[in-house]
Amino acid sequence: MEENVRAGRCVVAVDGPSGSGKSTVSRRLAVGLGARYLDTGAMYRAITWAVLRSGVDLTDAESVGKVAAEVDLRIGTDPEGYGVTADGVGVDAEIRGTEVTGAVSAVAAVPSVRALLVARQRELIAKAGRIVVEGRDIGSVVAPDADLKVYLTASEAARAQRRSAEDATDVAATAADLARRDRLDSTRKADPLQQAADAVVLDTTELGIDEVVDRLRALLTERGVA
């Protein structure tokens, strides 16, 4: 995608809970802007995959942090085809599995893991210059000076339905898991899931992907950075 990346800084921070449409919206927006794309959640998932493979106790923050510090984590930023590797192993499919999904909130709550990945994320943002970054603490922690901060949300029912359709899982079970992850991510001491004070809140319950992307493009145009 190198030849398609336009000049001029433009950092868009997209936060919100699972199932709110962050990934699809962020990737499509990045393509439209001729920008890079960073899925910070995939980075936490890759570290979680490595931690699970190591066999260390998830409640042992020091050991989890040690594993995270030693992993050779690499992630692409092409919105039309990025990849994630951990110690040279492609883990794109593995990090979306139920085992990693069930453990990622615990690993992501470890302060040393967050400090490590936030630093990496800031490096990637600085290198790209023009990028859409999605996660849970982008506008509040990772890129507080982003040109546009957006907090995407949706009703619990809509979020569960979307995630269930993506993963081919039971809607009720998916809803329960999303509620569990929301609770853990929003109450952790280090960089909790939260809406940045100056973020634009957009409820996607009744909106299609194209409608959401169009609204974000309009906001960027108003700010002169689209």
Side-chain angles (χ1 to χ4, degrees), residues 13-20 22-23 26 37-77 82-128 131 133-144 163 166-167 169 173-196:
V14 183
D15 292 304
S18 299
S20 57
K22 293 194 308 293
S23 296
S26 296
Y37 160 72
L38 180 60
D39 179 355
T40 63
M43 298 176 74
Y44 285 101
R45 284 175 173 272
I47 293 296
T48 301
W49 175 85
V51 168
L52 291 171
R53 189 176 66 161
S54 74
V56 304
D57 187 341
L58 291 178
T59 63
D60 184 345
E62 183 176 351
S63 295
V64 169
K66 185 172 185 297
V67 172
E70 295 174 350
V71 175
D72 178 13
L73 172 63
R74 303 193 182 194
I75 184 168
T77 56
Y82 72 98
V84 187
T85 65
D87 292 332
V89 179
V91 294
D92 297 84
E94 289 80 1
I95 64 175
R96 304 299 174 183
T98 55
E99 186 178 18
V100 168
T101 296
V104 66
S105 288
V107 173
V110 176
S112 61
V113 172
R114 299 205 70 81
L116 175 73
L117 292 188
V118 167
R120 287 285 304 279
Q121 290 154 15
R122 287 174 174 165
E123 290 174 2
L124 289 167
I125 291 169
K127 180 180 179 181
I131 189 169
V133 190
E134 66 146 303
R136 280 160 146 67
D137 64 341
I138 311 306
S140 57
V141 176
V142 179
R163 185 49 56 88
E166 290 175 3
D167 301 339
T169 53
T174 299
D177 186 59
L178 290 180
R180 177 189 65 82
R181 289 183 59 198
D182 288 347
R183 183 177 64 256
L184 291 173
D185 292 345
S186 60
T187 58
R188 64 180 178 233
K189 293 182 179 179
D191 307 338
L193 163 65
Q194 62 181 341
Q195 172 194 329

Are any of the side-chain heavy atoms of Leu58 and Val51 separated by less than 4.5 Å? yes

Only counting residues at least two apart or in another chain, list the ones meeting side-chain contact (heavy atoms from CB on, under 4.5 Å) with Val89. Trp49, Arg53, Val91

Min side-chain heavy-atom separation Asp137-Arg114 under 4.5 Å: yes

Any non-hydrogen side-chain atom of Ile75 less than 4.5 Å from a side-chain atom of Tyr82? yes

In terms of heavy-atom contacts, Gly83 and Asp92 come closest through CA-OD2, 3.3 Å

Residues passing the side-chain contact (heavy atoms from CB on, under 4.5 Å) test with Ala143, sequence neighbours excluded, are Val11, Ile125, Ile138, Asp145, Ala146

With sequence neighbours left out, the residues meeting salt bridge (Lys or Arg N to Asp or Glu O under 4.0 Å) with Glu70 are Lys66

Checking Thr85 now: which residues fulfil side-chain hydrogen bond (donor to acceptor under 3.5 Å, both in side chains) with it, not counting sequence neighbours? none

Determine which pairs satisfy salt bridge (charged side-chain N to carboxylate O under 4.0 Å, His left out) with at least one residue from residues 100-113, sequence neighbours left out, and list them in order. none

Tell me, please, which residues at least two apart from Thr98 pass side-chain hydrogen bond (donor to acceptor under 3.5 Å, both in side chains). none

Heavy atoms, side chains only, cut-off 4.5 Å: are Val84 and Asp39 in contact? no

Of all residues at least two apart in sequence or in a different chain, which pass the side-chain contact (heavy atoms from CB on, under 4.5 Å) check with Leu116? Ala68

Can you find a heavy atom in the side chain of Val64 that is under 4.5 Å from one in the side chain of Val113? yes

Using salt bridge (Lys or Arg N to Asp or Glu O under 4.0 Å) as the criterion, list what pairs up with Asp57, not counting sequence neighbours. none

Set of residues satisfying side-chain contact (heavy atoms from CB on, under 4.5 Å) with respect to Ser20, sequence neighbours excluded: Pro17, Lys22, Leu152

Checking Thr101 now: which residues fulfil side-chain hydrogen bond (donor to acceptor under 3.5 Å, both in side chains) with it, not counting sequence neighbours? Arg45

Contacts of type side-chain hydrogen bond (donor to acceptor under 3.5 Å, both in side chains), residue Arg122, not counting sequence neighbours: none

Within the 4.5 Å heavy-atom criterion, are Val100 and Glu94 side-chain neighbours or not? no

